[in-house]
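Let me begin by presenting the structure, written as structure tokens, before commenting on it.
Here is how names work: the chains are called A, B, and so on, in the same order as the sequence lines, proteins then strands, and each is numbered from 1. Computation of the quantities below employed the complete heavy-atom set of this structure, encompassing side-chain atoms and omitting hydrogens, waters and symmetry-equivalent molecules. Because the structure is predicted, anything quoted here is derived from the model rather than measured.
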2 protein chains.
Amino acid sequence: MSSVTKALDLLSHFSAARAEIGLSQLCRIAKRDKATTYRHLQALEVAGFVEQNPTSKQYRLGPAVLQLAQTREATVPRKASTERPLFDLTETTGETAHVTVLSGTKMFGLAVCDSPRHGTRAIIDIDVFPLHATASGLCALAFGPKGLMDVALADLTSFTTETATTPSALSNTVDAIRQTGFGRAMRSYETEIEGVSAPLFDQTGQFAGAVSVASVATRFTPALEHTIKEHLMIASRDITHNWGGTIPSHIEGLWAKSLTTPHALDSTS
Amino acid sequence: MSSVTKALDLLSHFSAARAEIGLSQLCRIAKRDKATTYRHLQALEVAGFVEQNPTSKQYRLGPAVLQLAQTREATVPRKASTERPLFDLTETTGETAHVTVLSGTKMFGLAVCDSPRHGTRAIIDIDVFPLHATASGLCALAFGPKGLMDVALADLTSFTTETATTPSALSNTVDAIRQTGFGRAMRSYETEIEGVSAPLFDQTGQFAGAVSVASVATRFTPALEHTIKEHLMIASRDITHNWGGTIPSHIEGLWAKSLTTPHALDSTS
DNA sequence: AACAATGGTTCAATATATGAACCACCAAAA
DNA sequence: TTTTGGTGGTTCATATATTGAACCATTGTT
């Protein structure tokens, strides 16, 4: 482990919950020597990555990180950082995958990656994803801001016979998603498409969008669903990470549970 | 120079203008060995501070900085607390305003507010403000920690014909600022920009940064200067207050004097 | 006054960083 | 096809920069 890595690792111990950390305390947390830690903090301080509260002598994150974040935000658009995870997702599942972002009260398509494997495949060509009928939209209703449900209820357009067109039906669907951590749209937008999606989070910890796989219904087996969910988790973690966020632990918990327990949904096949 | 410092220093070469940098290029810019730079980049990459564009192999800032910035913002909301005063300052003066913070021996840009009023306006796009050539930097020399002058004297880069490039010239400039309480950079960093700034103080009563207005030289009249100074005082008190500090009474005294007495500078018009 | 914290410092031992030279690869010339 | 000049990446002997036990100076508590 290089000294650079060790020094950078110190930064990871700062969080909203632990904003200021003293030297000795940091040594305990990071399980490291005091002299070394001190010197690393010095180096981080001259670079502006940490600064010292002059009164308490405790260290906290410095202004340099703001600058870097500004540059990163200005130069690396969200879309670009989804491309690799999306590509991997498509490769491993063999199905078309896409990313949607929540902007205001609408879910917009941000990026798509078509699978070259099958002759028939889902074609994603919509701009705004209906909240009540698509996996991404339902994901937003389940994990996004509260006000979203009212917006969804205002337009319960029926796309297929499976579309939830009553408040109670929609409510039930969303509740089910809150149990599993995965958005599911079973032929509710297009008759031959099964959609599965996982939520994405930004650096504020807020729901920011969804990553989804759209599979042709005829080949959507429980086994495929399981595979898709596994790789959706990976993609979601990846993209969320790229956006500066982390998957909330309760979502991770839901995922873990819904992948290990005998699947209620799968037994319907 | 520790290897940690060297590695962190690499990050400072990324900017909006230079978002992606290749290994060789970075070596030239940073004037450093390739093998070492490579290893440092590796360490930075593992920590998420940089990432590599998979196709071009170039490096760019990574997602980790977003997370750090988020916690910094959440816990030390300095930036947030400057936004209102900055906005007001821009509104009342019609000129671009910005806030810089002193961290170690460098003045970092923290926040900018562009004036929408004029077609031509100052664009603030520097990360580290030269101590000897900018209003903020001179403010730091005048009211900041003592050791700062030595640092400034070590680099008297000439940006324009007006830049103070000799110790005595710089000393005179700083002395003048100590008389008025306002930093002044008259075309000393960019030929067409006049900068005025006021110091900011933190909860310990120490100099912590500066709030500045950058005006296009051609419309910088004595009347405008007077207006700017009036509102700089307000902004400085505001921001300092938000940071838990108070303006030292001697600074208040300087301000009162320099705004009521017949202005030496103004009479030049 | 003794104690137990804290932040900060020292110095010999050595682990770790270093960089000249190297390879593999690519694209444009020759 | 070979050459050239540019990448990114790797090696290894050298020695320099890092390390941590033990230390000091302060501070607040018992």
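Among the protein residues, B:Gln52 comes within range of the sugar-phosphate backbone only, with heavy atoms under 4.0 Å from sugar or phosphate atoms but none that close to a base.
For D:dA17, the OP1/OP2 oxygens have no side-chain nitrogen or oxygen of A:Ser3 closer than 4.0 Å. For B:His40 and C:dA17, the shortest distance from a side-chain N or O to OP1 or OP2 is not below 4.0 Å. Taking side-chain N and O atoms only, A:Arg28 has a distance below 4.0 Å to OP1 or OP2 of C:dT6. The side chain of A:Tyr59 contributes an N or O atom lying less than 4.0 Å from OP1 or OP2 of C:dG8. Distances shown here put a side-chain N or O of B:Tyr38 below 4.0 Å from the OP1 or OP2 atom of D:dT10.
The P atoms of C:dC11 and C:dG7 are separated by 23 Å, rounded to the nearest whole Å. Rounded to whole Å, the P atom of D:dG5 lies 23 Å from the corresponding atom of D:dG9.
The side chain to side chain contact (heavy atoms under 4.5 Å, CB included) test applied to B:Asn172 returns no partner, not counting sequence neighbours. Partners of B:Phe143 under the ring-ring contact (aromatic ring centres under 6.0 Å, His included) rule, at least two apart in sequence or in another chain, do not exist in this structure.
Heavy atoms of other residues, nucleotides or ligands lying less than 6.0 angstrom from CZ of A:Phe87 number 12 at most.
In this structure, the separation between SG on B:Cys139 and CG on B:Leu200 is 8.0 Å, given to the nearest 0.5 Å.
For the pair A:Glu83 and A:Arg78, the salt-bridge criterion is not met [side-chain N within less than 4.0 Å of a carboxylate O].
Between A:Val4 and A:Lys57, it is A:Lys57 whose nearest contact on DNA chain C lies nearer the 5' terminus.
Sorted by first and then second residue, the side chain to side chain donor-acceptor pair (under 3.5 Å) pairs with a member in residues 35-46 of chain A read A:Asp33-A:Thr36, A:Tyr38-A:Gln42; sequence neighbours excluded. Here side chain to side chain donor-acceptor pair (under 3.5 Å) pairs that include residues 141-156 of chain B, with residues two or more places apart or in two chains, are B:Asp155-B:Thr157.
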Any N/O pairs under 3.5 Å between the protein and nucleotides 20-23 of chain D? List them or say none.
{"from": "D:dG20", "atom 1": "OP2", "to": "A:Thr36", "atom 2": "OG1", "distance (Å)": "3.1"}
{"from": "D:dG20", "atom 1": "N7", "to": "A:Arg39", "atom 2": "NH2", "distance (Å)": "3.4"}
{"from": "D:dG20", "atom 1": "O6", "to": "A:Arg39", "atom 2": "NH1", "distance (Å)": "3.4"}

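Computed from coordinates, the B:Leu10 CG to C:dT18 P distance equals 10 Å when rounded to whole Å. The separation between A:Gln58 atom CD and C:dG8 atom P is 11 Å, rounded to whole Å. For A:Gln42 and C:dT10, the CD to P distance is 12 Å, given to the nearest whole Å. If you measure from atom CD of B:Glu20 to atom P of D:dG8, you get 12 Å, rounded to the nearest angstrom.
When every heavy atom of A:Phe201 is checked against every heavy atom of A:Gly205, the shortest pair comes out as CD2-O, 3.7 Å.
Under 3.5 Å, the side chains of B:Ser188 and B:Thr163 contain no donor-acceptor pair of N or O atoms.
Helix bend of the helix from C:dT9-D:dA22 to C:dA21-D:dT10: the angle between its two end axes, each built from five pairs, comes to 50° after rounding to 10°.
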